[in-house]
Each structure stands twice: as C-alpha cells, then as structure tokens.
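To start, the structure itself, in structure tokens.
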Number of protein chains: 2
Amino acid sequence: MTAQDIRAWKIGQLAAETGLTVRALHHYDHLGLVQPSARTDSGYRLYAESDVERLYRVLALRQLGLPLDAIGRVLDGQTSIEELLDAHREYLDRQLVALRTLRAQVAIVAAAGRTGEAASVTHFLELIRKVITVDDTIKQYFSEEQLAQLAERRATLGEPAIAEVQAAWPRLIAAVQAAVDAGVDPASAQAQELAAEWMGLLQQFHGGDEGLRGSLYRMYAENAEQIEAQHGGPSPAVMDFIKAANAARN
Amino acid sequence: MTAQDIRAWKIGQLAAETGLTVRALHHYDHLGLVQPSARTDSGYRLYAESDVERLYRVLALRQLGLPLDAIGRVLDGQTSIEELLDAHREYLDRQLVALRTLRAQVAIVAAAGRTGEAASVTHFLELIRKVITVDDTIKQYFSEEQLAQLAERRATLGEPAIAEVQAAWPRLIAAVQAAVDAGVDPASAQAQELAAEWMGLLQQFHGGDEGLRGSLYRMYAENAEQIEAQHGGPSPAVMDFIKAANAARN
DNA sequence: CTTGACTCTGACGTTACGTCAGGGTTTACG
DNA sequence: CGTAAACCCTGACGTAACGTCAGAGTCAAG
C-alpha cells in the first residue's frame, strides 16, 4: 500500500471487522445494497470508507428487523426513516399480538398434555380445535385495535389481577346460581351485592370502554350456549337474575 | 357415483371445503404429508375419508404454528405430541422475548423521530446503535432465563408500577446528589431514608432474587461510566454515599 | 362437438443468506 | 523461485410454505 492509496478493505477483512460472512457481503452486493466502489484488476472487491460507512448503516437498520429492500430504499432516500419505522412498529405490534395468542394456545394444549387431560392424539386435536375456535370467535367480535386495547389493559393491570378476575368468575357464577336455586329476590340486598360484584368484574374486563362492552355483549349473546356448555359460562337463569337485579336497582 | 363407491373428494372440492388452495394440497402431497389414497385413470387425485381426516389433523396442528415436517412426524408416530408441543412452547417463548425487545427498540427510535429528537438520518442511526448497545450489554450480564424472569416480573407488576419505578430513579438520584452536595452525613436520618428508598427501588427490580441482583451489580460495576454518561445513572459520589449510608445502618 | 371449468406436472419467486463446487489470485515460506 | 495455504471469484442449489404462472390433458354441459 503506497502513501497515496486511500483506505480500502478486501471482502474478508470487512467481514471479519463487521462480524458478517463473506457470503452476506456478496449478497448485499448482488442486491445493490452495499456495493464496493472498486475492484482490483483480478476482480477482488475493494470497499472504500464510504462503502464501509454505508454497510454500518445497513447493519444498524438490520438490527431493528427491517427487510433489506426497505433499508436500501431508506439509504437511497426513496423512503423516510420515520415512515418506515412507524410502519415497522405497527407490523411488530401485529406480530406480537399473533405470537402472544399462539403461545397462549400452545401453552394451554401443552399443559393439558402434562396434566394427563389429553391422553390420546385425538384428545389433543379436539382441544386444539376448541382453543382455535375460541380465538376465531373472539376475532369475529373484537377488532384488531380492540384486541390491542385488551392486551394493553392486561399489561396495565398485571398478571395477578388478571388471574384474580379469572378465578372470581366461576365463584361468582356459582354463587348467583345458588341464589337463583334458593329463590332469592333479585331486589334483595344479597342479590344487589351479587349484581354489583358482577358488574365490577365486567368493568375489570372492559374498563368502561363502550366498544369493548358492546363487543363482549354481542359475543356472549350470539354464543351463549357454547359459552355455557364449553367454558363454564352463566346459564340463562343466572343472566336473567342479574338483569332483574340491575333493573330493580333503578 | 354408484352405490358401492366410497366417499371421495377431488382436489378442488377438498380445497373448497377446507379453505385451502389446490396448490397447498399439491404441496402436502409432494411432501408426503397428506397423500390421496387413489387417483382416477386420468391421474386426478381422489381423497378418501381417511385422507381427509388426516388433512384436518394437519390443519389443527398447523394452526399452532408447527412446521409441516414436525406435523408429519407426529402423525406418523415418530414423535410424541407432548414433546413437540413443549419444544414449540419454548421456541415461541424465545420468539416472544426477541420480538418484545425488538418492538421496544423500534418504538424508542420511532418515538425519537416524532419528538424531533432525531432530526437527521445520522441521528437516527446513532440512536439505533445506542439502543442496540444497551440490549447487547444486558444480554451479556443476564441469562436467557433471567430475562424471562424479568419479563414475568414486569407482567406481574403491571405497566403503571414499572413506569413509576422508572420515573422514581432519576428523582432519587437527583435527591441523593443534592444530599451529597449539601454534605449530609450518611449516618443521618435523612440519608438513611434516601438509602432505604434506594434499596427499595432495587428490590423492585430484582425482587429479592440473588441472581438478578448479582447480574445487575456486575453490569453496573463494569459499565458505570457509560451508564452515568449515557443513561443518567448515579455518579460515583452518589454510589459512595449510599454505600456509606448502608454501612452506617449496621 | 365445442367451450368452460377443472386438473395435471413442472418450474420460478419469495427472504436472507448457508453451503458447496470449480477455478483463479495472492502471499508467505522454504 | 516454486509451491502450498489462504483468499477471492462466480454460479447454483437449499431453506418454509406455499403463490403464481405456463403448457397441456380431462370432464361436464349445452
């Protein structure tokens, strides 16, 4: 290297420096993402400082999970970073929602396997179908934003609070059922207390949001039998009791 | 179809019934995952009931995000579902951790774009590198299980509690710095109160877990300057003050 | 008998490279 | 100065799960 030579990297050097493979650099060259600004007479790639700089920019953006073609468009000024990042964040949000539900579903099925609930492959498949049906049903009634909203609410409340609410429902439903069986008057103080707890648990779910409340009610109304039979939901008698108690309050 | 014909589906019928495309069924056939047990003379695929049954099993497992080859191994009895689901759950957990950090990083950078903090592309890239460096550093000191543990703690506490702790740190650091500047005696009641709050915030992070505490301390010790300069961490004087206060307590 | 709907078998494209294969180039060492 | 090791080159196939033609045969209805 003589004195007038500007700094240049052969592909192996650059690969070692960046932690990439030579193949990856070939790939970027092929895509036109990072192309060496010179070659030796024998065809060896020579990366100049500006090329290396561009490569490091690519690597930074790649770390955020952006696709290479999008990175190329940003570096060539065809797209603004702001736009790209916003779109990417939304994309990741959707991925996150999907991945979370998937992992929850797999966890349910795997757990059933360990407790011996699902003995045969057939049992597993039935459970899987059930779990998926639930998800499909929910997706029918709640929009994407609403699901994100619910996820946010869960994160805000924290897991213990969620678990508490989930444990409270069967208890409360059983208590109301007992009150119905005992012929308790929906206008009585006892019934009012049950109804208040009921509305409180519902409140925990929708947080006062009209949209969430409406979607939940519609989902329940149109799937009441399923929910009662398969998921321990309230019977029509229980629902009527709560409605009557609420009506009596006013 | 004569009386002795058993039920059979042509590929288009089966596709319409399952919501798949013909191409997907071709693909499954090619992989040996679901192969029609008969063909017409002219080579049309004829799926028998057993084939359709197998296809529905494939679809159920596919809904859980399992790769087709793994599904094939399960249906052929080469792997147990339990094993596969457990492995898959762990895989999804890892994906979730990665996706969550990624989305957090992108959110940070995108937010900086909206607040005008990052004006030029260069600023963006600097911020990205900073965010990624933080993540890399954390990954050096915390094992995968520890990170999962931390994620669980965050979920347990809920977002508001986390936000509170994060907001409390700069306040407390400033308060301690003020005490140092004012020459407050580390043994004094005021210092003891600050130290108690300090240890309380730390407790919020590690929850009493020795491993987390140790990892955090090591990370701080080996990156104190970075943390102070780049992330508003405590100065050595502040740290000494807290140490002295803790020593005085005993 | 013709036309439209259906089916067949390749084969390429997608994403970001990994992994050879076959063949030149450079460099260090004896 | 010769040679072997190390390095570089250009294809080209493989990955996951299909989507999307292309070109050609088959079937059912009018």
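Letters A, B, ... are given to chains in the order of the sequence lines, protein chains preceding strands, and every chain is numbered from 1.
Remark: of the listed residues Asp136(A), Asp135(A), Thr137(A), Asp135(A) is the sole one forming a side-chain hydrogen bond (donor to acceptor under 3.5 Å, both in side chains) with Lys139(A). For the side-chain hydrogen bond (donor to acceptor under 3.5 Å, both in side chains) test with Tyr141(A), the passing option among Gln146(A), Arg218(A), Glu222(A) is Glu222(A); the others fail.
Note: CH2 (Trp9(B)) to C1' (dT7(C)) measures 19 Å, nearest angstrom. One interatomic measurement links the two molecules: CG of Leu31(A) to P of dC17(C), which rounds to 9 Å at whole-angstrom precision. Remark: P of dC8(D) and NE2 of His27(A) are 19 Å apart, rounded to the nearest angstrom. The distance between atom CG of Asp69(B) and atom C1' of dA16(D), rounded to the nearest whole Å, is 9 Å. To the nearest angstrom, P of dA17(D) lies 15 Å from CG of Leu55(B). As a whole-Å value, the separation of Asp29(B) CG from dC8(C) P is 9 Å. In this structure, Leu61(A) places its CG atom 18 Å from P of dT15(C), rounding to the nearest Å. Taking atom CD of residue Gln95(A) and atom C1' of nucleotide dT15(C), one finds them 14 Å apart after rounding to whole Å.
In this structure, the side chain of Asp29(B) does not engage the main chain of Leu25(B) through any donor-acceptor pair within 3.5 Å. Between the Ser215(A) side chain and the Leu212(A) main chain, no donor and acceptor come within less than 3.5 Å of each other.
Residues Arg129(B) and Arg57(A) share a closest heavy-atom pair of NH2-N, 3.8 Å.
In terms of position on DNA chain D, the residue among Tyr28(B) and Ile11(A) whose nearest nucleotide sits closer to the 5' end is Ile11(A).
Cation-pi geometry between Arg89(B) and Tyr91(B) is not met at under 6.0 angstrom from the ring centre and within 45 degrees of the axis. For the pair Arg45(B) and Tyr47(B), the cation does not sit on the ring face, since its NZ or CZ is not both under 6.0 Å from the ring centre and inside 45° of the axis.
Between Arg39(B) and dT9(C) there is a side-chain N or O to OP1 or OP2 distance below 4.0 Å. Side-chain nitrogen and oxygen atoms of His26(A) include none within less than 4.0 Å of the OP1 or OP2 phosphate oxygen of dC17(C).
In this structure, the side chains of Tyr56(B) and Leu61(B) stay at 4.5 Å or more apart for every pair of heavy atoms.
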>> Counting primed atoms plus P, OP1 and OP2 as sugar-phosphate and everything else as base, spell out the protein contacts along nucleotides 23-30 of chain D at 4.0 Å heavy-atom distance: B, S or - for each nucleotide, 5' to 3'.
In response: --BBS---
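For Arg45(A), counting side-chain heavy atoms from C-beta on, the closest listed nucleotide (dC9(D), dC17(C), dC18(D)) is dC9(D).
Rounded to the nearest 0.5 angstrom, Leu127(A) CG and Thr122(A) OG1 are separated by 12.5 Å.
For the contact set between residues 16-23 of chain B and DNA chain D, defined by any heavy atom under 4.0 Å, the members are Thr21(B), Arg23(B).
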